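The structure displayed is predicted, hence computed values, not measured ones. So you know, we letter chains A, B, ... as the sequences are listed, proteins then strands, and number each from 1.
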Number of protein chains: 2
Amino acid sequence: MTKVKEQNTETVILEAAKEVFQHKGMAGARMQEIADKAGINKAMLHYYYRSKDKLFSAVFASAINLMAPKIMKIINTEDHLFAKIENFTYKYIDFISKHSYMPLFIINELNRNPNLLKDAFANKIENNIEQKLVAQIDDLIAKGEIRSINPEQLLLHIISLSVFPVIGKPLLKNILQKDDKSYKQLIKERQTCVAEFVINAIKL
Amino acid sequence: MTKVKEQNTETVILEAAKEVFQHKGMAGARMQEIADKAGINKAMLHYYYRSKDKLFSAVFASAINLMAPKIMKIINTEDHLFAKIENFTYKYIDFISKHSYMPLFIINELNRNPNLLKDAFANKIENNIEQKLVAQIDDLIAKGEIRSINPEQLLLHIISLSVFPVIGKPLLKNILQKDDKSYKQLIKERQTCVAEFVINAIKL
DNA sequence: ACTTTTGTCAACCAAATGGTTAAACTGTTT
DNA sequence: AAACAGTTTAACCATTTGGTTGACAAAAGT
């Protein structure tokens with residue numbers, strides 16, 4: 001009988017840390033709580049990740065590297081713009097619904113320390129993906145298929161419509177006087193109705 | 001010569017507390033920092049507001065009561081829907097640009113404790129304002145002036161488009177590869193282009 | 001079998017932090 | 001000018017918190 005080491009302690013810690021950091025932020029997270037959630041001694045946290053800061057950085061980098069490719073892969077296809085919009089809003093809303101604390105976590109910590117991004121990932125292609133999208137939009141404008149619009153604003157529109165209802169849930173739920181279940185339903189509808197809305201706004 | 005007490009200590013504290021709490025959140029805020037910013041002894045904080053919790057509640061209530069009426073007053077007019085949309089996006093983006101930490105602060109703390117809203121303000125009219133807007137939208141749909149759309153989704157669209165680019169600035173700035181100045185310019189453009197976008201999306 | 005390395009833990013430590021206290025100061029009343 | 005109430009401060013306290021240490025067990029070499 002080979003003793004099966006249930007799971008790498010290092011990753012057990014990282015998973016526990018993700019949960020605590022993403023829910024409570026750097027300032028609100030407690031090392032003891034992470035240790036408890038991981039089912040190990042607090043000293044282990046320092047054995048594997050030397051300090052709270054280092055552990056936090058690992059969590060942050062992990063979040064960024066899960067998030068960023070999702071955006072990129074959808075946008076970086078050869079599809080028609082409308083298909084891209086449909087694809088992006090559908091899949092992205094789905095993704096962040098399942099990781100609803102992540103975007104807020106990233107924004108908060110980035111607010112605290114704008115340098116985190118540089119440390120987190122070896123700045124990938126990113127900008128030329130945006131370039132590509134801009135070119136595609138400009139092309140459709142020239143062809144008269146869509147209204148004249150600033151591509152950067154359009155990108156902001158699409159991201160805002162997808163992300164904000166998820167991260168602003170506790171506030172928006174209250175404004176719309178919804179319970180948890182019917183608010184979730186509202187989000188689900190958005191997976192298709194956001195694209196419809198955006199396309200209606202730009203189509204000629 | 002009556003000695004002019006420069007400013008009420010109580011409000012000096014509240015102003016300092018607002019700044020610290022809204023930038024760092026409940027967990028990240030330090031009583032000492034608030035005292036320093038207010039230029040007084042730390043014991044004064046407890047003299048006027050008994051605990052960190054109570055001081056926080058005062059700040060949170062103040063934020064809510066500054067925020068909520070702004071939304072209400074604009075929506076609760078007799079204007080045409082399009083005028084309302086133009087008015088709301090223009091003034092609301094302007095407002096939160098000047099208080100950019102407030103929406104994020106509210107969302108964060110509401111996330112931590114969803115009960116905060118109940119404590120913060122004696123739940124005003126609110127819901128029947130939303131009712132009124134819904135009725136107006138349904139009316140325009142019936143008249144064939146705008147596309148058929150779920151009024152709640154439309155409200156989510158408008159709020160998302162207005163708020164998210166402001167609170168997501170550190171992230172979006174990076175995605176769009178903008179410096180501070182040109183990002184600010186982008187936000188300014190949104191004061192008019194968001195309304196245009198929304199109206200294009202729903203007008204028939 | 002033995003030594004070395006790696007992993008784990010309970011106990012501990014120093015600094016930070018929210019909160020308290022008792023004395024002192026300030027302006028007003030008597 | 002004495003008494004008084006409201007305000008302010010320095011020093012202090014108890015708890016929490018990130019981090020460390022030394023003992024010890026479990027593998028891994030040899």
Would you kindly give the [atom1]-to-[atom2] distance between [X] and [N], to the nearest whole Å?
| X | N | atom1 | atom2 | answer |
| --- | --- | --- | --- | --- |
| Leu45(B) | dT9(D) | CG | C1' | 13 Å |
| Asn8(B) | dT7(D) | CG | P | 9 Å |
| Lys52(B) | dT16(D) | NZ | P | 14 Å |
| Arg50(A) | dT20(D) | CZ | P | 8 Å |
| Met44(A) | dT8(C) | CE | P | 5 Å |
| Asp36(A) | dT17(D) | CG | P | 12 Å |
| Glu10(B) | dT7(D) | CD | P | 9 Å |
| His46(B) | dT9(D) | NE2 | P | 15 Å |

Which listed nucleotide (dT20(D), dA10(D), dG6(D)) is nearest to the side chain of Ala43(B)?
dA10(D)
State which of dG19(C), dT6(C), dC9(C) makes the closest approach to the side chain of Ser51(B).
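Of the options given, the side chain of Ser51(B) lies nearest dG19(C).
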Parallel, tilted or perpendicular: which one describes the rings of Phe88(B) and Tyr92(B), with boundaries at 30° and 60°?
parallel
How about Lys24(A): does its NZ atom have over 12 heavy atoms from other parts shown lying under 6.0 Å from it?
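No, the 6.0 Å shell around NZ holds no more than 12 heavy atoms from other groups.
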Taking only side-chain N and O atoms of [X], does any of them lie within less than 4.0 angstrom of OP1 or OP2 on [N]?
| X | N | value |
| --- | --- | --- |
| Thr9(A) | dG7(C) | no |
| Tyr48(B) | dT8(D) | yes |
| Arg30(A) | dG18(D) | yes |

Which is true for Ala35(A) with a 4.0 Å heavy-atom rule: it touches a base, it touches only sugar-phosphate, or it touches nothing?
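No contact at all - Ala35(A) keeps every heavy atom at 4.0 Å or more from the nucleic acid.
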Salt-bridge contact Glu196(B)-Lys203(B) (side-chain N to carboxylate O under 4.0 Å)
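Looking at Glu196(B) and Lys203(B), the cut-off is not met.
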Validation row: Asp138(A), Ile141(A) side chains within 4.5 angstrom (heavy atoms)
yes
Side chains of Val198(A) and Thr89(A), heavy atoms from C-beta outward: is any pair under 4.5 Å?
no
Look at the side chain of Lys42(B) and the base of dG19(C), then say whether one donor and one acceptor between them are separated by less than 3.5 Å.
yes
